[in-house]
Amino acid sequence: MNYWLVKTEPGNYSIQNLEKDGTCVWDGVRNYQARNFLMQMKVGDTALIYHSVHGKEIVGQSLITSEYYPDPTDESKKFMCVDMKFISKFTKPYSLDMVKTNPKLSELRLLKQSRLSVMPVSQSEYDEILKHV
DNA sequence: GCCAACGTTGGC
DNA sequence: GCCAACGTTGGC
């Protein structure tokens, strides 16, 4: 069981969209490091959903429901996607500012690699975030 | 294989 | 809207 954080621009696809859809294909990743993390995802893992640009907060979580497979939106056939299912939308989103000021979250890759869109999160970090949402 | 040029992301 | 950071592309 592993924990992840995935980023999305809510103008493109938001937690509200995922809540309404129930499930989605997490496609569109076009970065090798992010792809490599996607390829490590297993069915049953959970992912925090982060709204970048407009929001800058962790807004909910999803359940990974498939292993990786070729991203149908990628004509080069180099990139992968996974399926995921809505779990919850947080009543109190966990903001980027809260991440920055919480010493327990100082190692989150979100802070160090601001452009990485799929990243692993440790269980203790995941639990720390869930305590406050 | 290096690296300059370029494009994109995302915080501010 | 700006721009720093960073990933990718392509000429050499």
Side-chain angles (χ1 to χ4, degrees):
Chain A
M1 178 86 181
N2 287 302
Y3 301 90
W4 307 95
L5 183 148
V6 296
K7 297 203 297 197
T8 182
E9 228 281 43
N12 288 337
Y13 195 80
S14 68
I15 189 75
Q16 287 80 7
N17 292 127
L18 180 56
E19 182 175 29
K20 185 159 62 74
D21 295 343
T23 62
C24 74
V25 178
W26 204 260
D27 59 14
V29 171
R30 294 292 182 273
N31 167 285
Y32 288 104
Q33 199 182 356
R35 180 200 66 171
N36 292 343
F37 286 133
L38 267 186
M39 292 172 72
Q40 293 172 33
M41 288 182 173
K42 302 287 182 208
V43 173
D45 289 355
T46 58
L48 297 165
I49 311 286
Y50 175 76
H51 279 175
S52 63
V53 188
H54 298 109
K56 283 177 286 183
E57 54 193 13
I58 302 166
V59 290
Q61 51 177 337
S62 70
L63 178 70
I64 308 303
T65 57
S66 79
E67 302 246 325
Y68 71 90
Y69 58 95
D71 183 338
T73 69
D74 172 33
E75 293 185 7
S76 73
K77 308 287 180 216
K78 291 183 208 154
F79 292 99
M80 299 291 153
C81 62
V82 297
D83 295 338
M84 60 174 63
K85 184 169 107 180
F86 177 80
I87 294 179
S88 63
K89 187 170 76 173
F90 299 153
T91 50
K92 281 190 304 170
Y94 201 93
S95 71
L96 181 61
D97 280 343
M98 291 163 73
V99 173
K100 283 181 180 169
T101 53
N102 186 338
K104 291 177 185 164
L105 300 176
S106 63
E107 295 303 309
L108 257 198
R109 297 172 100 108
L110 189 64
L111 299 179
K112 299 182 170 172
Q113 286 174 272
S114 65
R115 296 181 56 182
L116 184 63
S117 61
V118 179
M119 66 193 79
V121 175
S122 74
Q123 180 163 14
S124 60
E125 290 165 337
Y126 202 96
D127 291 344
E128 174 64 20
I129 291 163
L130 285 194
K131 264 198 287 178
H132 301 281
V133 294

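Side chains included, hydrogens not; waters and symmetry mates left out as well; all remaining heavy atoms used. Letters A, B, ... are given to chains in the order of the sequence lines, protein chains preceding strands, and every chain is numbered from 1.
- Checked against C:dC6, C:dT8, B:dC12, the side chain of A:L96 finds its nearest nucleotide in B:dC12.
- Atom C1' of nucleotide B:dG11 and atom CD1 of A:I58 are separated by 15 Å, given to the nearest angstrom.
- The 5' end of DNA chain C is approached more closely, in terms of each residue's nearest nucleotide, by A:V53 than by the other of A:Q113 and A:V53.
- Nearest heavy atom pair, residue A:V118 against residue A:A34, reads CB-O, 3.7 Å.
- Side-chain contact between A:V6 and A:I49: present, with at least one pair of heavy atoms (C-beta onward) separated by less than 4.5 Å.
- Taking only side-chain atoms of A:S52, from C-beta outward, the nucleotide of B:dG10, C:dC6, C:dG7 with the closest atom is B:dG10.
- In this structure, A:K7 does not reach the B:dT8 phosphate: none of its side-chain N or O atoms is under 4.0 Å from OP1 or OP2.
- For A:R115, taking side-chain heavy atoms from C-beta onward, the closest of the listed nucleotides B:dC12, C:dG7, C:dC6 is C:dC6.
- Put simply, CZ on A:R109 is 18 Å from C1' on B:dG10, counting in whole angstrom units.
- To the nearest angstrom, P of B:dG10 lies 10 Å from CG of A:L110.
- To the nearest angstrom, C1' of B:dG11 lies 7 Å from NZ of A:K100.
- Taking atom CG of A:L116 as the reference point, atom P of C:dT8 lies 11 Å away to the nearest angstrom.
- Ring geometry for A:W26 versus A:Y13: interplanar angle over 60°, hence perpendicular rather than tilted (30 to 60°).
- Between A:K112 and A:K78, the one whose closest nucleotide on DNA chain C sits nearer the 5' end is A:K112.
- Summarising the geometry, atom CG belonging to A:L108 is positioned 4.5 Å from atom CD belonging to A:E125; distances are rounded to the nearest 0.5 Å.
- Rounded to an integer number of Å, the gap from A:N12 CG to B:dT9 P is 9 Å.
- In this structure, A:L5 places its CG atom 11 Å from P of B:dG10, rounding to the nearest Å.
- In this structure, A:E57 atom CD and B:dC12 atom P are separated by 14 Å, rounded to whole Å.
- For the OP1/OP2 pair of C:dC6 and a distance below 4.0 Å, the side-chain nitrogens and oxygens of A:Y32 include no atom meeting the criterion.
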